[in-house]
Amino acid sequence: MLTTLCGVFFAVQAAAFETKAKAAFVMDQTTGTVLMAKNADDALPPASMSKLMTLYMAFEAVRDGRLSMSETLPVSQHAMNYGGSTMFLDTTDRVKVEDLLRGVIVLSGNDACAVLAETLSPDGTEAGFARQMTRRARQMGMTNSTFVNSNGWPAAGHRMSMRDLVLLANRLITDFPEFYPMFSETEFPFDGRAPQNTQNRNPLLRLDIGADGLKTGHTQEAGYGLVGSAKQGPRRVIFAFSGLDSAKDRAEVSEQIVNWAFRQFSETTLVREGERVAQADVWMGKTPKVGLVPAQDLEILLPVLSRSAVKGEVIFNGPIQAPITKGMPLAELVLSPDDLPEMRIPLVAETDVPEGGFMVRLRTATSLLISQFGPQAEGAS
């Protein structure tokens, strides 16, 4: 039987953020709270933002020892032929892996991406690496991402969602803290051959608002987009958006998202670790009920402007069969704050509940008979 217990917590409400981006996703990394989702699961052309997947796989290769930061890689004719944002590499070059990584991060080099892709590809081709990118993305939970190349060059079927881009950005930040500082570098002159392409295009990096990554993107089909992250105090916000009309719009929307996310929400401890949220009935237990508690402090972000009620439900399948062990997952606390997506938090058993003895089983059987057959069942016993 599915049992639902309803309760109310006091929280606060903020106005929803409106954006002219075609699609957007904003997450508070510290608490895992989704602050905004607009067409977040639509598979869209990601432009250069998809270079983040190539970088992730290159970082994995360095960590695994398949690449060295100091080794040099050859440049193929295929890589050299790329236009758009490039490092202006040619087939006479051998380029250090570290320079190629910075060339992708800071300069958005399509050619640098292709060099890394061909090196790591199982068949030596960029297309082979793109297939590998798609498989790895699925393993990481990116269900709306399909790659045709390594750099986001316009191609039929090359798609990512904004939610997937934020998931990927979060993994880059948490999995590779040794490499992540490269995303905050504002300039990379390489060897001086391309003075017109030395600056990081991320408009947030020079604004002193805690921004430290990640990647811009632009093609005619995709419009202007950005995957960004900013850290202020203990909080970090990660976001992605796409479909704007100009670099100016991209800069404005980026700053608006960061300001809104940090100023309109504050972190709140809603329930402490071990604090009882509800009780569940126990079947054949030494005690008839068990407390349901969070396994750790429940830290969530809530809007800061005005107080309102947050709806909460505790959902579990009950009654719960004894024996029960303290800490056993038993239920979910489902919160529905205004203007924020639903949140689900696991609840665990507050205490051990051993199986009851003979008298408990007898009382339970008698109660069951009464509930099924009425008071006459007592006389029949």
Side-chain angles (χ1 to χ4, degrees), residues 29 46 48-76 78-80 82 86-87 89 93-153 158-161 163-185 188 190 200 212-215 217 227 229 231 236 238 240:
Q29 186 209 42
S48 288
M49 296 185 292
S50 60
K51 290 182 170 93
L52 294 176
M53 191 66 203
T54 296
L55 288 165
Y56 187 91
M57 294 178 68
F59 292 157
E60 283 189 317
V62 173
R63 179 174 288 181
D64 296 346
R66 290 177 286 124
L67 272 184
S68 163
M69 293 289 276
S70 60
E71 73 177 293
T72 61
L73 303 180
V75 178
S76 69
H78 172 73
M80 176 183 164
Y82 267 112
T86 74
M87 292 177 69
L89 303 177
D93 287 317
R94 291 192 67 91
V95 190
K96 282 199 311 181
V97 168
E98 183 173 0
D99 288 341
L100 289 167
L101 292 172
R102 283 190 164 85
V104 175
I105 294 168
V106 182
L107 309 182
S108 198
N110 292 321
D111 48 1
C113 259
V115 172
L116 290 167
E118 290 171 341
T119 299
L120 295 173
S121 172
D123 63 4
T125 69
E126 185 183 17
F129 181 73
R131 291 189 290 272
Q132 200 172 43
M133 291 169 72
T134 301
R135 288 193 295 272
R136 185 70 182 101
R138 294 288 189 276
Q139 292 170 357
M140 294 167 65
M142 289 182 272
T143 57
N144 293 299
S145 294
T146 304
F147 301 93
V148 177
N149 55 55
S150 64
N151 49 33
W153 191 260
H158 190 92
R159 297 290 186 266
M160 294 187 77
S161 70
R163 189 189 302 270
D164 283 358
L165 280 164
V166 168
L167 186 157
L168 176 57
N170 185 45
R171 289 290 299 268
L172 282 163
I173 294 166
T174 56
D175 293 354
F176 299 106
E178 68 272 35
F179 300 130
Y180 185 65
M182 286 192 284
F183 286 95
S184 63
E185 295 177 6
F188 179 53
F190 185 41
N200 194 320
D212 54 12
L214 295 159
K215 190 76 191 71
V227 183
S229 182
K231 191 172 188 295
R236 177 180 290 281
I238 307 172

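In this text the structure is predicted, and so the values were computed from the model without any measurement.
Relative orientation of the Phe59 and Phe179 rings is parallel, given thresholds of 30° and 60° on the angle between their planes. Ring-plane geometry between Phe188 and Phe190 is classed as tilted, the angle between the planes lying from 30 to 60 degrees on a 0 to 90 degree scale.
In this structure the side chain of Asp175 never reaches within 4.5 angstrom of the side chain of Met140, judged on heavy atoms. In this structure the side chain of Val95 never reaches within 4.5 angstrom of the side chain of Val115, judged on heavy atoms. For the pair Met160 and Met49, the minimum side-chain heavy-atom distance is 4.5 Å or more. For the pair Met53 and Arg136, the minimum side-chain heavy-atom distance is below 4.5 Å. Side-chain contact between Met80 and Asp93 is absent, with no heavy atoms from C-beta onward closer than 4.5 Å. Considering only heavy atoms from C-beta on, Glu60 stays 4.5 Å or farther from Arg63 through its side chain. With a 4.5 Å cut-off on side-chain heavy atoms, Asp99 and Thr72 do not count as touching. Between Leu100 and Leu89 there is a side-chain heavy-atom pair separated by less than 4.5 Å.
Separation of atoms CG (Asn144) and CG (Leu167) is listed at 11.0 Å; rounding is to 0.5 Å. Note that CG of Leu116 is 7.5 Å distant from CG of Leu55, once rounded to the nearest 0.5 Å. Remark: Leu107 CG to Met87 CE distance equals 6.0 Å, nearest 0.5 Å. Atom CE of residue Met133 and atom OG1 of residue Thr146 lie 11.0 Å apart, to the nearest 0.5 angstrom. Atom OH of Tyr82 sits about 4.5 Å away from atom CG of Asn151, to the nearest 0.5 Å. Separation of atoms CG (Leu214) and CG (Leu172) is listed at 6.5 Å; rounding is to 0.5 Å.
Scored by the ring pair (Phe, Tyr, Trp, His ring centres under 6.0 Å) test, Phe183 finds Tyr180 as partners (sequence neighbours excluded).
Side-chain N or O atoms of Ser150 include none that pairs as donor or acceptor with a backbone N or O of Glu126 at under 3.5 Å. In this structure a side-chain-to-backbone donor-acceptor pair under 3.5 Å is present from Arg138 to Ser145. Judged by distance alone, with hydrogens and angles left aside, the side-chain atoms of Glu185 form no donor-acceptor pair with the main-chain N or O of Val106 at under 3.5 Å. With hydrogens and angles disregarded, a donor-acceptor distance shorter than 3.5 Å links the side chain of Thr134 to the backbone of Ala130. Side-chain atoms of Asp64 do not come within 3.5 Å of backbone N or O of Arg66 as any donor-acceptor pair. Under a 3.5 Å cut-off, the side chain of Thr86 and the backbone N or O of Asp111 do not form any donor-acceptor pair.
In terms of heavy atoms, Ser184 sits closest to Pro181 at OG-O, 2.8 Å. Pairing each heavy atom of Ser50 with each of His158, the nearest pair is OG-NE2, 3.0 Å. Here the closest heavy-atom approach between residue Leu67 and residue Ala58 is recorded as CD1-O, 4.2 Å. When all heavy atoms of Pro122 and Gln132 are compared, the pair lying nearest together is CD-OE1, 3.6 Å. The minimum heavy-atom distance between Gly124 and Ser121, with the atom names listed, is N-OG, 3.2 Å.
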Audit row: Leu101, Met69, side chain to side chain contact (heavy atoms under 4.5 Å, CB included) steps and yes/no: CA-CA 9 Å; Leu101 292 172; Met69 293 289 276; 3.6 Å; yes

field: Step-by-step ring-ring contact (aromatic ring centres under 6.0 Å, His included) determination, Phe147 to Phe129
entry: CA-CA 9 Å; Phe147 301 93; Phe129 181 73; 9.0 Å; no

task: Tell me, with the steps shown, if Lys215 and Ser48 meet side chain to side chain donor-acceptor pair (under 3.5 Å).
output: CA-CA 7 Å; Lys215 190 76 191 71; Ser48 288; 4.6 Å; no

field: Derivation and outcome, side chain to side chain contact (heavy atoms under 4.5 Å, CB included), residues Thr54 and Val104
entry: CA-CA 9 Å; Thr54 296; Val104 175; 5.8 Å; no

message: Please determine whether side chain to side chain contact (heavy atoms under 4.5 Å, CB included) holds for the pair Asp123 and Arg131, giving the CA-CA distance in whole Å, both sets of side-chain angles, and the decisive distance to 0.1 Å.
response: CA-CA 11 Å; Asp123 63 4; Arg131 291 189 290 272; 3.2 Å; yes

